[in-house]
Novice: 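Right, I'll just put the structure down here and ask away after.
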Protein chains: 2
Amino acid sequence: MSARAARSDRAPGRRPPGRRPLDRRPLDLESRLTQDHHDSLRLWLRLLTCSNLIQVRVRKAMASRFNTTLPRFDLMAQLERAPEGLQMGELSRRMLVTGGNVTGIADQLEHAGLVVRAADPHDRRAYRIKLTREGRRVFEQMAIEHERWIVGMFEGLNARDKRAMNELLSRLRVCLRQGEE
Amino acid sequence: MSARAARSDRAPGRRPPGRRPLDRRPLDLESRLTQDHHDSLRLWLRLLTCSNLIQVRVRKAMASRFNTTLPRFDLMAQLERAPEGLQMGELSRRMLVTGGNVTGIADQLEHAGLVVRAADPHDRRAYRIKLTREGRRVFEQMAIEHERWIVGMFEGLNARDKRAMNELLSRLRVCLRQGEE
DNA sequence: TCTGGATATTTTAGACTTCAAATATTGACA
DNA sequence: TGTCAATATTTGAAGTCTAAAATATCCAGA
């Protein structure tokens with residue numbers, strides 16, 4: 001995943017604590033618009049940087065500790081929440097990746113005996129993909145450590161920070177989904 | 001990748017005041033720990049989802065509008081901020097990707113005439129990669145629209161929300177970077 | 001029943017990405 | 001000067017990912 005502009009999202013200069021009080025003079029309209037644009041862009045770059053930093057660390061930990069990859073873990077995590085199994089298409093929608101991609105990852109997991117494709121009784125076009133018992137066992141071990149890694153990375157935020165961020169991200173996600181076609 | 005330095009596992013001054021000082025009551029401790037774990041994990045998944053939703057949309061827009069990819073745009077964005085050019089290694093550190101990856105993307109951009117590799121006068125091992133005049137022209141067009149897309153996607157958050165999120169992400173980034181080896 | 005558009009999945013080609021190995025050069029030090 | 005670990009980059013193999021085409025099936029309507 002690309003790490004856009006990782007270095008560019010630094011605060012341009014530390015703004016003193018006294019926050020500028022929404023200047024209403026018309027001349028400032030343009031500068032406020034510009035400011036707002038830059039705020040959005042900087043916010044995006046910061047969001048992306050954090051996301052990438054975390055992903056890099058999780059990926060390396062997954063590789064060194066369990067000799068597996070993030071996509072495989074993600075796929076198994078989706079299945080773990082759906083004990084009755086999922087269709088490939090539903091899986092690809094939930095993972096935000098293309099169907100072809102899911103096919104490849106599922107192939108590997110199936111080959112490793114961690115998932116199975118079962119024919120869908122109601123639709124002969126579709127498979128129902130599920131964790132095997134072994135897959136569930138393996139996933140549980142991974143999930144425990146994965147959670148520990150994540151918790152460690154978010155230690156710098158206290159409970160109130162986390163709640164605030166959760167709330168903000170939740171609102172962002174809602175409007176992102178609305179804008180989808 | 002990148003960041004050497006500060007190998008402190010714990011954020012030095014940032015211990016939040018409400019830090020639980022080893023609550024001994026077993027039931028409470030466990031439930032709070034569990035809650036906290038849950039919060040961190042959910043926060044991470046939400047962060048990742050937002051980041052992916054935005055990336056998917058930007059990628060598609062880049063493809064349909066400019067027939068290019070996100071990594072190429074990212075690379076050009078880095079160069080645009082470094083008029084004197086960058087070494088491949090510096091580029092890869094800033095983009096948070098491996099050197100081999102940068103090689104491939106740079107090859108394509110060079111082939112398209114958008115960047116050039118110039119020998120570094122001080123170090124014959126290194127190249128200095130720069131935007132060509134054409135590359136700069138093309139990038140500027142892309143950057144304008146890219147910013148417009150981003151601004152549109154963050155429209156659901158008001159200025160105060162953005163400031164709050166920026167601040168939180170900034171703190172998160174700091175401790176993520178500190179934890180790097 | 002037949003037809004045709006929609007849906008579920010796989011396949012294919014090509015781009016992105018990592019890690020590790022290979023190559024070339026630097027710089028410090030004996 | 002010669003050596004050797006460090007640095008800058010590329011290469012190669014394998015996994016991940018997308019878009020688009022191909023295949024198979026479903027289902028609604030004539």
Side-chain angles (χ1 to χ4, degrees), chain A residues 1-4 6 51-52 55-64 66-76 85-112 115 117-129 181, chain B residues 1-2 4 51-52 55-76 85-112 115 117-129:
Chain A
M1 200 156 296
S2 61
R4 197 139 342 79
S51 169
N52 283 335
Q55 279 189 79
V56 165
R57 289 169 69 166
V58 175
R59 178 168 40 72
K60 288 185 177 172
M62 274 291 164
S64 71
F66 293 112
N67 192 34
T68 192
T69 66
L70 221 33
R72 293 181 209 182
F73 177 73
D74 288 345
L75 196 156
M76 293 175 80
L86 286 176
Q87 288 188 357
M88 298 296 274
E90 181 57 22
L91 198 44
S92 100
R93 270 187 296 280
R94 294 195 187 186
M95 295 175 72
L96 293 179
V97 300
T98 59
N101 190 357
V102 172
T103 296
I105 300 169
D107 284 349
Q108 298 184 28
L109 290 173
E110 187 168 38
H111 191 262
V115 307
R117 284 173 167 97
D120 185 311
H122 303 310
D123 188 340
R124 278 189 300 171
R125 295 169 301 177
Y127 291 112
R128 212 146 190 98
I129 184 169
E181 69 268 33
Chain B
M1 353 209 71
S2 67
R4 48 309 258 101
S51 170
N52 284 337
Q55 279 189 79
V56 165
R57 288 169 69 164
V58 174
R59 178 168 40 70
K60 288 185 178 172
M62 275 290 164
S64 70
R65 176 70 181 82
F66 293 112
N67 193 32
T68 191
T69 66
L70 225 32
R72 293 182 208 182
F73 176 73
D74 291 346
L75 195 155
M76 293 176 79
L86 286 175
Q87 288 188 356
M88 298 296 274
E90 180 58 20
L91 197 45
S92 100
R93 272 187 294 280
R94 294 194 186 190
M95 295 175 72
L96 293 179
V97 299
T98 59
N101 190 355
V102 172
T103 296
I105 300 169
D107 285 348
Q108 299 185 28
L109 290 173
E110 188 169 38
H111 191 260
V115 306
R117 283 172 167 97
D120 185 312
H122 304 309
D123 188 339
R124 279 189 297 171
R125 293 169 302 179
Y127 291 112
R128 218 153 183 91
I129 183 168

Novice: Would you say R59(B) reaches dA19(D)'s phosphate, i.e. side-chain N/O to OP1/OP2 under 4.0 Å?
Specialist: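 Yes, because at least one side-chain N or O of R59(B) sits under 4.0 Å from OP1 or OP2 of dA19(D).
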Novice: Quick one: is dC16(C) close enough that its OP1 or OP2 comes under 4.0 Å of any side-chain N or O from Q108(B)?
Specialist: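 Q108(B) to dC16(C) OP1/OP2: side-chain N or O found under 4.0 Å.
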Novice: Tell me the interatomic distance from L91(B), atom CG, to dA8(D), atom P, rounded to whole angstroms.
Specialist: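 Answer to the nearest Å: 13 Å.
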Novice: Applying a 4.0 Å non-hydrogen cut-off, can you work out what G99(A) is touching in the nucleic acid: base, sugar-phosphate, or nothing?
Specialist: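 The answer is base, as G99(A) lies within the cut-off (heavy atoms under 4.0 Å) of a base atom.
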Novice: Does the base of dT26(C) carry an N or O that pairs as donor and acceptor with the side chain of R125(B) under 3.5 Å?
Specialist: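 In this structure, the two groups form no donor-acceptor pair.
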Novice: Between dT16(D) and T69(A), is there an OP1 or OP2 to side-chain N/O distance shorter than 4.0 Å?
Specialist: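 For dT16(D), OP1/OP2 do have a side-chain N/O of T69(A) under 4.0 Å.
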Novice: Of all the nucleotides listed (dA8(C), dT16(D), dT11(C)), which has the minimum atom distance to the side chain of D123(A)?
Specialist: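 So the nucleotide nearest the side chain must be dA8(C).
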Novice: Answer with base, sugar-phosphate or nothing: what part of the nucleic acid does T98(A) contact at a heavy-atom distance below 4.0 Å?
Specialist: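 T98(A): base contact, heavy atoms under 4.0 Å.
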Novice: dC16(C) phosphate, OP1 or OP2: any side-chain N/O from N101(B) under 4.0 angstrom?
Specialist: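 So the side chain of N101(B) is outside the cut-off, no N or O lying under 4.0 Å from OP1 or OP2 of dC16(C).
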Novice: Take the protein atom CD of Q87(A) and the nucleotide atom C1' of dC26(D), then report the distance between them rounded to whole Å.
Specialist: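 About 12 Å, once rounded to whole Å.
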Novice: Give a yes or no on this: more than 12 heavy atoms of other residues, nucleotides or ligands lie within 6.0 Å of atom OH of Y127(A).
Specialist: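 Not more than 12 within 6.0 Å, no.
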Novice: Please give, in whole Å, the distance from dC17(D) P to N52(B) CG?
Specialist: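 In whole Å, dC17(D) P lies 9 Å from N52(B) CG.
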Novice: To the nearest angstrom, how far is I129(A) atom CD1 from dA8(C) atom P?
Specialist: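 Rounded to the whole Å, the gap is 16 Å.
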Novice: Heavy-atom distance under 4.5 Å between the side chains of L96(B) and V56(A), does that happen here?
Specialist: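 SC-SC contact between L96(B) and V56(A) ruled out.
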Novice: Base, sugar-phosphate or nothing for R72(B)? Non-hydrogen atoms, less than 4.0 Å.
Specialist: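 Sugar-phosphate, backbone atoms only, no base.
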Novice: Which whole-number value in Å describes the distance from H122(B) NE2 to dT7(D) C1'?
Specialist: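 Those two atoms, NE2 and C1', are 17 Å apart.
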Novice: Check every strand shown and say whether R117(A) touches a base, only sugar-phosphate, or nothing at a heavy-atom separation below 4.0 Å.
Specialist: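 R117(A): backbone/sugar contact only, no base atoms under 4.0 Å.
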Novice: When you check the gap from the basic side-chain N to the acidic O, do R128(B) and D123(B) get nearer than 4.0 Å?
Specialist: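 So R128(B) does not pair with D123(B) through a salt bridge.
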Novice: Rounding to an integer number of Å, can you tell me how far D120(A) CG sits from dT7(C) P?
Specialist: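 Result: 16 Å.
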Novice: Using atom CZ of R124(B) as one end and atom C1' of dT10(D) as the other, report the distance to the nearest whole Å.
Specialist: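 Taking atom C1' of dT10(D) as the reference, CZ of R124(B) is at 18 Å.
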Novice: Less than 4.0 Å between a side-chain N and a carboxylate O, is that true for R117(B) and D107(B)?
Specialist: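 A salt bridge links D107(B) with R117(B).
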Novice: Classify G89(A) by what it touches in the nucleic acid, base, sugar-phosphate, or nothing, heavy-atom distance under 4.0 Å.
Specialist: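 G89(A): backbone/sugar contact only, no base atoms under 4.0 Å.
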Novice: Closest approach to the side chain of I105(B), judged atom by atom: which nucleotide of dT10(D), dT17(C), dA8(C) is it?
Specialist: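 Closest nucleotide to the I105(B) side chain: dT17(C).
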Novice: If I take atom CD in residue E90(A) and atom P in nucleotide dT9(C), what distance separates them, rounded to the nearest angstrom?
Specialist: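 Atom-to-atom, E90(A) to dT9(C), this comes out as 10 Å.
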Novice: Does M95(B) reach the side chain of N101(B), with side-chain heavy atoms less than 4.5 Å apart?
Specialist: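 No, side chains not in contact.
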